[in-house]
Visitor: 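Here's a structure for you.
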Amino acid sequence: MSSQPSHEGFPWKHVIGFVLSILLTVMALWLVFSLQLPVSTEIVSILVLAVFQVLIQLLLFMHLTERDGPAYHVISLIFGAFIAFTIVGGSIWIMAFRSMVS
Amino acid sequence: MLHSILQIGDKYFMWNEGPMIWTSDALIVLTSLGIVGLLTYLKRWKWLWDEWLTTVDHKKIGIMYIIAAFAMFFRGGMDGLIIRAQLAIPNNHFLTAEHYDQVFTTHGTIMILFMAMPFIIGLMNIAVPLQIGARDVAFPYLNAMSFWLFFFGALLFNISFVIGGSPDAGWTSYAPIAGPFYDPGVGENYYLISLQIAGIGTIATGINFLVTILKMRAPGMTLMRMPMFTWSVLITSVIIIFAFPVLTVTLALLMFDRLFGAHFFSVTHGGLPMMWANLFWIWGHPEVYIVILPAFGVFSEVVSTFSHKRLFGYKAMVVSLVAIAILSFTTWVHHFFTMGAGASVNSFFSFSTMLIAVPTGVKIFNWLFTMYKGRIEFTTSMLWALAFIPNFLIGGLTGVMLASAPADYQYHNSYFLVAHFHYVLIAGTVFGVFSGLYYWWPKMFGQKLNERIGKWAFWIFMISFNMTFMPMYFVGLMGMTRRMYTYPAGLGWGPFNLIETIGALGMGLGFVVMVFDIAYTIRHPEKDLTGDPWDGRTLEWSIPSPAPEYNFAVIPEVKGIDAYWMMKHPKEQEPGPVKAVDKSKIRPIHMPNNSYRPFIISVAFFVAGFGFIWQWYWLGIPGLIVVAIGLFLRSFEYNDEHFISTEEIERTEIAAGRL
Amino acid sequence: MQFLRKRWRSVLIFALSTLMLSGCGKIVVLNPQGPVATEELHLITWSFGLMMIVVVAVFALFAFMLIKYRAKKGSKSDYQPEQEGNRLLETVWTVVPILIIIALIIPTIKTTYALVKPPSTGTPVVIKAVSANWKWMFQYPGQGIETVNYVVIPANRPIEFQLDAIGPMNSLWIPALGGQEYSMPGMLMRLWLQADHPGTYVGRSANFSGRGFVHMVFNVIAKSPSDYAAWVQKVKTTAPAMTMADYQKLTAQSVVSTMTFSHYIQFSGPRNNSMNAMYMAPNS
Amino acid sequence: MAVNMESLHEPISSSLPLEYQGDGNLKIFGFWVFLAAEVVLFSTLFAVYLVFHGNVAGGPTSQQLFDIRGFTIETFLLLTSSFTMGLGTYEMRRQNTKGVLAWVLITVLLGLGFLGMEISEFAHYVSIGANISRSAFLSAFFVLVGTHGSHVTLGILWILSILVQVMRKGITPKTARKLFVVGLYWHFLDVVWVFIFTVVYLTGKVM
Ligand code: HEA
Ligand code: HEA
Ligand code: CUA
Ligand SMILES: [Cu+2]
């Protein structure tokens, strides 16, 4: 047991999370439609923003840190992310080949 | 009128296909009638329903998995024998190309998904809760769901043979030949939908065992004190959880192509047939480790038990399991080196594939050294485990040869490959489950299988196995490719194929002897009254055989690796049997109730699946709605557990001689 | 290295021939007839040799354990039930396999990169090999001719097979000359092969493609350069040009015997064996 | 219900919130593992989508199809619903049944709004001939986004069924656990949507 959720008062955690998630979304939209960046830079930056969004959901809304015993659920998620990365990255790399001739 | 009946019969039951289908139709009807008749005659319907169909007890579910797996071994083995009959001599026309294609497809699919997997899962169910000192799995109800989903998935797959036609694009079901354009019949739909149904059940099993092992171990059993079989199941569960969703998606995409006109794998509209291969093997390679790792776990238990010695290199065994699990997700391209994805891709995946040899080797050597300075006892179970080592070695090493991409250009899709995978699947998985079956049989039924007959079965099967598959390496190098329904004379393939066929008959004979062993044992049981017939080391041997419903009257306290061994051989006192249960510690036990719902929901899945296969949406959609209602009602179920009173526990334990 | 490879090869051949019923000559993969197959065979024998080291080690240990430590009545000597492991031994059987893997992966990677290049320096011949169920069509863009279910090549010159498919995937495999590669609809792939001597070799599809799959066998006829030139000339003058009817028959699902054309129709259109396959004007 | 050593499941520390009591702990952990499996499921769909993104077969491209206003509103709806679901869990931990009902109902409404917009987006595409059979790109698009959409649909039904139980039984260890789990599910769908927003819509507009 590592974090005791507050049972009283104002739900600060949730409000902060919400404001941040809206901000991040607006930033992503702005990055893509208002800034004239190279496409690859744009994509990398919005992906970074997406990762932050995920962390907000996990930490502020999903109570990721609550647990009883070892944090096996965090390990599963990390392993899931590793597999996800392998599948997406691997498939793109492997299927990137097109005709070898002409 | 008569005409239209004939037409319907033709379309759905394929009456024009000739005697094979007629015989099967007749056999199925007769067998079903026979079973129904027998049950009615013996007044066993209620018993069947109360004790089995609605059970949530992991031990009974395990037994049902194994019975189903046996039946599927029979079906898959029959397919194997038919394949061998067709290939016995050159230019044979016992089967047509169409039939042959169906037979090897059902053979491969059934053997891997409906024989090997359920056999493994059956052993998991029987042994894991007992090994970790638990009363059941984490989610007993879900466990029953898993079993019935598998069961009805398998049933759906099997009826394709007599209703509508079997799939015929190989167990790998490559697009585009499995797509709607080249394969418009229902056979492929059977493949997609039955695997989907069984696959969902398998994911649930993975989650169930992961949670069980991580959260429900007896006090004192740290991760590094778990029995090696339990470790292997833990790691296998991880692989299941992360590999099976890929299969789910892959099957669904092809289903979208076939039923709803999507273009994922078609050769037109921008589809990429190779994408199927890519996705299939992302699942398919981890899948082969799913069926081998629990077998490795069985060998660890059996070798250590019958060498009467502690497992050598416990830590290294654990680390190697983890390494294999991670590597298993990074090697899938070795199944299509010949696609031309480029030298860098092939080099990378050659290397990652070969790396798996290292942790596997660690295991092999640790088993060998477990016997070092031990006292090896040659029981039937041990014989299967011992035979595994040299035979699997051949399969594994030829796997490493296949992993060398440029060499694979010469082996790919040849009988060299067929030989490789039978050597690992049979000498690994099948020997493993047989070893486990002989090992845990007393725990399942309270009696030992007959050792004499068992040894006969072993020797016949093992020798015939080599006779069947060793020659395949050579015909592969002689240029014979897989999935050929017949071949010309004059290439030198004939004599080898004939030997293989004779070997296959021998394997069939060996299997029959083993079934006879079971039948003989039921008739002339050699009762196991001790609960510990092998001088075992782990907790399942500390309780009576067969295990009572609640497993442990008192949850044991674990002090180290091989918990029961330590209880029997305490450091200070004289070693001796420890059986008695401390009466003062008995409390009422909380157990889950039986439920008919997993069975009913799975039947609804079956009906829905059948509807989608035939694109009868009037049947498919209501089927799914029933599934949804079932799950919904389950959510409203609150009183699903009961208590077993202390008196009842005491009565049971006294009967087992423990109090 | 070279010496070792030769040694292993003879060990392999010896091992095989003792098991053989019908003579060595029939094991095509072990009797390469061109530089590509030879290079692949080197890798095969090298890996086989490395694997034999493991086989010998494991079988020896296995036999030793079984003989020495089987339970005998009454003997208590040499029994150590609580032995946990041994650092040194465990390191050995981790490190030695890693070394073996390294010894295998280096030539593997070298060969992988080598095989995407022409096997020799001669002028390559381009042949487009198209699988269309259930037959192989070989088009010679340089010569404008086409053969079906057999292919003629000049010996001692690198052949660049350009693999294409109408309909399902197949795989072009001529074991005597070298390993295979998939032919896939709409994705032109390249496979380099070469024959050392004139001769006839068997090729087939190695990737299952449905009912007529076994019929996708063909002969590869390697001719001396002069014979090859004469053959091309003969085809150009005596063989018929491909007609629309021929074309339709070839692109539909069908089994045909060998054919020869002095002109061929270039395929274009949806790449399944459908009746409405489109076509372009005969190339000239 | 009393939980003792002899129960099927191990006891848990009492310092955790209500929903972890009894076997809640096991079920919540099981659900996390299920979500990890869902990560793999969606990542496979993403991999397919990314490989097929350019395979438009002469049909409409992502740049031509996607409507910025539409997907932006969808995003805000879903993000807000994730927030209100979080507040629902928060009220649950304060034993405030009314608060739970209010916030969760708002979540459902927002979810329905999202679904409505997605359905009309799909209907629009189909009406201009951009259907699942048009190209591999569109097949991948519809299946990826549609899988998320069907998860949302399921989530709404599931939330409603649990709301009924909360109304009937109040906030007990069981209902609390169920609500917590469905909350996890809902937040997870938001996570997936963030990637759809980023990888499918935003990227699809610039590439
Ligand atoms: C139980 C199932 C199982 C197992 C365990 C394995 C294990 C391995 N497999 Fe196999 N494989 C299959 C089932 C399995 N396979 C199936 C079903 C197919 C075909 C599917 C189809 O196409 O239908 C296949 C196909 C297949 C291919 C594709 C070939 C092709 O299509 O052309 C390859 C290629 O790399 C391969 C490699 C390996 C390797 C390297 C291992 C390794 O894990 C083996 C490791 C073991 C050892 C190496 C032995 C012990 C090690 C030592 C004693 C240490 C010392 C050793 C060395 C240093 C080398 N397998
Ligand atoms: C665990 C998996 C498993 C197992 C156990 C087996 C077991 C056997 N397999 Fe296997 N096989 C596969 C998995 C497996 N197979 C797979 C995945 C494929 C690839 C499919 C594809 O290409 O898509 C394949 C393909 C395959 C082929 C290649 C087909 C082709 O490419 O054309 C062949 C050919 O001989 C074959 C033969 C056999 C035989 C003879 C057995 C024997 O071990 C079977 C032994 C038989 C029995 C145990 C029968 C039981 C007894 C009876 C029915 C009573 C008979 C009565 C008497 C004899 C009295 N199999
Ligand atoms: Cu598909 Cu190249
Ligand atoms: Cu593999």
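Numbers restart at 1 for each chain; the letters A, B, ... are given by sequence-line order, proteins then strands. Bear in mind the structure is a predicted one, so any value in this text is a computation, not a measurement.
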Visitor: Less than 4.5 Å apart, side chain to side chain, heavy atoms only: is that true for B:Phe365 and C:Val58?
Guide: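 Yes, their side chains come closer than 4.5 Å.
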Visitor: Please test C:Met187 against B:Leu272 for side-chain contact (heavy atoms from CB on, under 4.5 Å), starting from the C-alpha separation and ending with a verdict.
Guide: CA-CA 10 Å; C:Met187 298 171 109; B:Leu272 287 172; 4.3 Å; yes
Visitor: Measuring heavy-atom distances to chain C, does B:Pro176 have an atom under 4.5 Å in its side chain, in its backbone, in both, or in neither?
Guide: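 B:Pro176 touches chain C through side-chain heavy atoms alone.
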Visitor: Between B:Tyr314 and chain C, with a heavy-atom cut-off of 4.5 Å, which part of the residue counts as in contact: side chain, backbone, both or neither?
Guide: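 Contact with chain C: backbone only.
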Visitor: Does any backbone or side-chain atom of C:Ser183 lie under 4.5 Å from a heavy atom of chain B? Answer side chain, backbone, both or neither.
Guide: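 Neither part.
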Visitor: Counting only non-hydrogen atoms closer than 4.5 Å, does C:Ala176 touch chain B with its backbone (N, CA, C, O), its side chain (CB onward), both, or neither?
Guide: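 Contact with chain B: none, neither part.
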Visitor: Does B:Asn366 reach the side chain of C:Glu90, with side-chain heavy atoms less than 4.5 Å apart?
Guide: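 Yes, their side chains come closer than 4.5 Å.
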Visitor: Is the C:Phe208-B:Phe104 ring centre distance short of 6.0 angstrom?
Guide: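 Centroid distance C:Phe208-B:Phe104: below 6.0 Å, so yes.
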Visitor: Give me the atom names and distance for the closest heavy-atom approach of B:Asn413 to C:Tyr182.
Guide: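 So the two residues come closest at ND2-OH, 4.4 Å.
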Visitor: Are side-chain heavy atoms of B:Met339 and C:Met169 found at a separation under 4.5 Å?
Guide: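 Contact flag for B:Met339/C:Met169 side chains = no.
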Visitor: Measure B:Asp183 against the heavy atoms of chain C and call it side chain, backbone, both or neither at under 4.5 Å.
Guide: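 For B:Asp183, no heavy atom lies under 4.5 Å from chain C.
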Visitor: Classify the ring geometry of B:Phe369 against C:Trp93: parallel below 30°, tilted from 30° to 60°, perpendicular beyond 60°.
Guide: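 Correct class here is tilted.
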Visitor: I'd like to know if the side chain of C:Gln83 and the backbone of B:Arg310 have a donor-acceptor N/O pair within less than 3.5 Å.
Guide: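 Such a contact is absent between C:Gln83 side chain and B:Arg310 backbone.
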Visitor: Side chain, backbone, both or neither: which part of C:Glu39 has a non-hydrogen atom closer than 4.5 Å to chain B?
Guide: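 For C:Glu39, there is no contact with chain B at all, as no heavy atom is under 4.5 Å.
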Visitor: Counting heavy-atom pairs under 4.5 Å to chain B, which of C:Gly178, C:Gly210, C:Ser171, C:Ala57 comes out on top?
Guide: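 Counting heavy-atom pairs under 4.5 Å, the top option is C:Gly178.
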Visitor: For B:Ile389, is it the side chain, the backbone, both, or neither that has a heavy atom closer than 4.5 Å to a heavy atom of chain C?
Guide: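 Looking at B:Ile389, just its side chain touches chain C.
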Visitor: Is chain B contacted by the side chain of C:Leu66, its backbone, both, or neither, given a heavy-atom distance below 4.5 Å?
Guide: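 Interface part for C:Leu66: both.
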Visitor: B:Ser347 versus C:Tyr113: any side-chain heavy-atom pair under 4.5 Å?
Guide: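 Touching, per the 4.5 Å side-chain cut-off.
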Visitor: Is B:Tyr487 in contact with chain C via its backbone, its side chain, both, or neither, using a 4.5 Å heavy-atom distance?
Guide: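 Answer is neither: B:Tyr487 stays 4.5 Å or more from chain C.
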Visitor: Take B:Met484 and C:Arg204 through the side-chain contact (heavy atoms from CB on, under 4.5 Å) test and state the conclusion after the steps.
Guide: CA-CA 11 Å; B:Met484 300 177 88; C:Arg204 62 179 72 244; 3.1 Å; yes
Visitor: How about B:His412 and C:Trp173: do any of their side-chain heavy atoms sit closer than 4.5 Å?
Guide: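 Side chain of B:His412 against side chain of C:Trp173, heavy atoms only: no contact under 4.5 Å found.
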Visitor: Please report the closest heavy-atom contact between C:Ile101 and B:Met354, naming both atoms and the distance.
Guide: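 So the two residues come closest at CD1-O, 3.5 Å.
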Visitor: I need the minimum non-hydrogen distance between C:Val28 and B:Gly479, along with the two atoms involved.
Guide: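 Distance-wise, the nearest heavy atoms are CG2-N, 3.9 Å.
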Visitor: Given heavy-atom pairs under 4.5 angstrom as the criterion, report whether the side chain, backbone, both or neither of B:Leu393 touches chain C.
Guide: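 Contact with chain C involves the side chain of B:Leu393 alone.
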Visitor: Give me the one residue out of C:Ile109, C:Thr108, C:Ile44, C:Val36 that meets side-chain contact (heavy atoms from CB on, under 4.5 Å) with B:Pro406.
Guide: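 Filter result, single survivor: C:Thr108.
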Visitor: What do the steps show when you test C:Phe62 against B:Leu386 for side-chain contact (heavy atoms from CB on, under 4.5 Å), and what is the final call?
Guide: CA-CA 9 Å; C:Phe62 184 69; B:Leu386 290 175; 4.2 Å; yes
Visitor: Show your reasoning for whether side-chain contact (heavy atoms from CB on, under 4.5 Å) applies to B:Trp367 and C:Met65.
Guide: CA-CA 10 Å; B:Trp367 287 315; C:Met65 301 297 172; over 6 Å; no
Visitor: Does the side chain of C:Val29 reach to within under 4.5 Å of the side chain of B:Phe416, using non-hydrogen atoms?
Guide: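 No; the side chains remain at least 4.5 Å from each other.
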Visitor: With distance as the sole test, does C:Tyr69 use its side chain to make a donor-acceptor pair with the main-chain N or O of B:Ser307 at under 3.5 Å?
Guide: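 Here the side-chain-to-backbone pair does not exist.
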Visitor: With a 3.5 Å distance limit and no angle check, can you tell me whether C:Gln180 reaches the backbone of B:Thr338 through a side-chain donor-acceptor pair?
Guide: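 Side chain of C:Gln180 to backbone of B:Thr338, a donor-acceptor pair under 3.5 Å: no, none is there.
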Visitor: Among C:Ala114, C:Ala37, C:Gly167, which residue has the highest count of heavy-atom pairs closer than 4.5 Å to chain B?
Guide: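 Most pairs with chain B among the choices: C:Gly167.
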